[in-house]
Undergrad: 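Just dropping this structure here.
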Protein chains: 2
Amino acid sequence: MNKNDLRVLKTKQNIHLTLTNLLKKKPLPQIKVTELCKLANINRGTFYFHYQEVGDVFKEFFEEIMMDLRESYNEPYRHTKYIEREKLDPETVRIFHHVQKYEEFYRIILSKEVSAEYYYMLFDEIRSILVDDKHTNHLEEDYLFSYSSNAIIGLIIEWYRRDFQESADEMNIHLVNILKLY
Amino acid sequence: MNKNDLRVLKTKQNIHLTLTNLLKKKPLPQIKVTELCKLANINRGTFYFHYQEVGDVFKEFFEEIMMDLRESYNEPYRHTKYIEREKLDPETVRIFHHVQKYEEFYRIILSKEVSAEYYYMLFDEIRSILVDDKHTNHLEEDYLFSYSSNAIIGLIIEWYRRDFQESADEMNIHLVNILKLY
DNA sequence: TATTTTATCGAACAAATGTACATTAACTAT
DNA sequence: ATAGTTAATGTACATTTGTTCGATAAAATA
């Protein structure tokens with residue numbers, strides 16, 4: 001299977017587009033392979049040639065989102081000459097803006113109906129970003145990274161459950177307050 | 001459907017036992033309704049009379065675990081609205097001991113293959129424990145609760161990924177160190 | 001004990017899954 | 001432009017799902 005083959009590109013692009021449209025109408029777990037293929041006008045065997053389940057298509061969207069997440073985090077560092085930081089400065093955190101940008105996707109990622117796999121993909125991404133900031137093999141800090149990463153996701157979960165009504169800037173303020181006060 | 005009917009009790013007990021045995025052989029998502037019913041010697045229609053999917057049976061196990069969690073969650077969380085550093089005593093934090101007690105279940109709950117629903121059930125339980133003694137409608141603290149709850153789950157995730165090799169007491173030390181040092 | 005209630009069974013059904021294979025059409029490389 | 005490659009198709013099949021329904025056996029109740 002050559003991913004540069006025009007037929008493959010065309011098929012995948014077709015599937016991506018169809019899934020995007022379907023996601024506007026119904027939640028991910030309710031979208032069947034049969035339905036997706038019928039709407040995309042491709043053979044069901046073709047789908048199984050590329051993927052195992054509908055969730056695998058969504059994972060390809062996920063990759064792009066995680067790239068943007070990483071870029072969002074590094075963004076403030078590009079505009080400062082003080083690259084070395086002892087700690088994450090909440091005021092420079094862009095993660096909430098990133099979530100807002102991909103709000104519709106995060107509504108799916110954070111919904112309880114989907115596989116937990118997406119959650120852990122998000123967790124791993126945030127965690128590795130924190131780790132990259134400060135290289136260490138110390139066990140205590142390994143736990144700290146998992147603690148901090150998931151704490152931030154905890155804020156995102158709360159934000160999601162409040163239907164993203166607050167702005168990303170307000171979320172940053174929440175984070176700063178929590179870190180300063182407690 | 002009368003849950004006190006002996007036939008119901010017998011059927012559910014049968015299904016519970018069969019699922020427990022199956023979980024020793026294969027992960028939850030691979031267990032089919034058909035397979036479960038065949039082994040339990042019950043009609044598939046009977047299963048659908050009580051549940052919608054295999055995961056619903058697992059949720060009944062979950063209820064018991066969450067009850068034990070609530071009982072295990074003693075000081076220093078009970079009388080504080082957040083994790084207060086000064087009052088932390090590793091001896092009094094029982095959540096890691098609780099996880100260790102139900103280790104085999106948490107291996108399922110925290111596995112990426114299952115539905116995210118279990119994760120949020122755990123999240124909600126821990127969060128409500130934090131909230132219970134401090135009734136407040138203050139927005140800032142709502143976020144703090146979600147932040148703290150998920151931070152602790154972050155530690156449990158890291159522990160799970162290290163195959164629960166450390167003791168519950170050692171996990172307590174990690175938690176205390178993180179709260180004191182950072 | 002007799003009567004009523006209802007959980008369970010067995011069978012049937014449409015729909016979706018997952019896989020397999022020969023054929024066809026689209027693409028690549030020369 | 002041609003030949004070789006392979007993605008995509010169409011078809012088939014066994015399995016699972018989710019639901020329905022009448023019959024039956026087991027339980028509740030009086």
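As the structure is a computational prediction, the values presented were derived from the model and not from experiment. In what follows, chains carry the letters A, B, and so on, assigned in the order in which the sequence lines appear, proteins first and then strands, with residues in each chain numbered from 1.
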Undergrad: Tell me: NZ of Lys38(B) to P of dG10(C), nearest whole Å?
TA: 13 Å

Undergrad: Not counting sequence neighbours, list each pair that qualifies as a side chain to side chain donor-acceptor pair (under 3.5 Å) and has a residue in residues 35-46 of chain A.
TA: Lys26(A)-Glu35(A)

Undergrad: Between Thr11(B) and dT8(C), is there a contact of a side-chain N or O with OP1 or OP2 at under 4.0 Å?
TA: yes

Undergrad: In residues 29-37 of chain B, which ones come under 4.0 Å of DNA chain D, going by heavy atoms?
TA: Lys32(B), Val33(B), Thr34(B)

Undergrad: Leu17(B): which other cluster members, linking ILVMFWY side chains closer than 4.5 Å, directly or transitively?
TA: none

Undergrad: What pairs meet the salt bridge (charged side-chain N to carboxylate O under 4.0 Å, His left out) rule with one or both residues in residues 114-125 of chain B, with sequence neighbours excluded?
TA: Arg161(A)-Asp124(B), Lys59(B)-Glu117(B), Arg70(B)-Glu125(B)

Undergrad: Does either side chain, that of Ser146(B) or that of Asp142(B), offer a donor lying less than 3.5 Å from an acceptor on the other one?
TA: no

Undergrad: Has the side chain of Asp163(A) got a donor or acceptor atom that lies under 3.5 Å from a matching backbone atom of Gln165(A)?
TA: no

Undergrad: If you look only at pairs with a residue in residues 146-158 of chain A, which of them pass as a salt bridge (charged side-chain N to carboxylate O under 4.0 Å, His left out), with sequence neighbours excluded?
TA: Glu158(A)-Arg162(A), Glu158(A)-Arg127(B)

Undergrad: So, applying side chain to side chain contact (heavy atoms under 4.5 Å, CB included) with Ser149(B), which one of Ile129(B), Leu130(B), Leu122(B), Leu144(B) is it?
TA: Leu130(B)

Undergrad: Check for a donor-acceptor pair, side chain of Trp159(A) on one end and backbone N or O of Glu166(A) on the other, with a separation under 3.5 Å.
TA: yes

Undergrad: When the distance from CG of Leu9(B) to P of dT6(C) is rounded to whole Å, what number comes out?
TA: 16 Å

Undergrad: Find the distance Ile15(A):CD1 to dA7(D):C1' and express it as a whole number of Å.
TA: 12 Å

Undergrad: Per the side chain to side chain donor-acceptor pair (under 3.5 Å) rule, what does the pair list look like for residues 5-17 of chain B, sequence neighbours excluded?
TA: Asp5(B)-Arg7(B), Lys12(B)-Glu60(B), Asn14(B)-Thr18(B), His16(B)-Glu60(B)

Undergrad: Compare all side-chain heavy atoms of Tyr143(B) with those of Leu175(A) and state whether any distance is below 4.5 angstrom.
TA: no

Undergrad: Could you tell me whether Tyr106(A) and Tyr160(A) have their ring centroids closer than 6.0 angstrom?
TA: no

Undergrad: Would you tabulate the nitrogen or oxygen pairs shorter than 3.5 Å linking the protein to nucleotides 22-30 of chain D?
TA:
from	atom 1	to	atom 2	distance (Å)
dA26(D)	N3	Arg7(B)	NH1	3.0

Undergrad: Walk me through it: do Tyr119(A) and Asn150(A) pass the test side-chain hydrogen bond (donor to acceptor under 3.5 Å, both in side chains)?
TA: CA-CA 10 Å; Tyr119(A) 186 95; Asn150(A) 222 39; 2.8 Å; yes

Undergrad: Of the non-hydrogen atoms in Lys112(B) and Ser115(A), which two are nearest, and what is the gap between them?
TA: O-OG, 3.1 Å

Undergrad: Does anything in residues 167-176 of chain A form a salt bridge (charged side-chain N to carboxylate O under 4.0 Å, His left out)? List the pairs, not counting sequence neighbours.
TA: none

Undergrad: Under a 4.0 Å heavy-atom cut-off, which of residues 52-63 of chain A touch DNA chain D?
TA: none

Undergrad: Taking five pairs at each end, how big is the angle between the two axes of the helix from dT1(C)-dA30(D) to dT30(C)-dA1(D), to 10°?
TA: 40°

Undergrad: Strictly below 4.0 Å: does His50(A) bring a side-chain N or O up to OP1 or OP2 of dA8(D)?
TA: yes

Undergrad: For each nucleotide in nucleotides 9-14 of chain D, reading 5' to 3', give B when a protein heavy atom comes within less than 4.0 Å of its base, S when such contact involves only the sugar-phosphate, and - otherwise.
TA: BB-B--

Undergrad: Could you pull out the closest heavy-atom pair between Val8(B) and Met1(B), with the gap in Å?
TA: CG1-SD, 4.2 Å

Undergrad: Can you list every ring-ring contact (aromatic ring centres under 6.0 Å, His included) pair that touches residues 34-55 of chain B, not counting sequence neighbours?
TA: Phe47(B)-Tyr51(B)

Undergrad: Between dT17(C) atom C1' and Phe49(A) atom CZ, what is the distance in whole Å?
TA: 19 Å

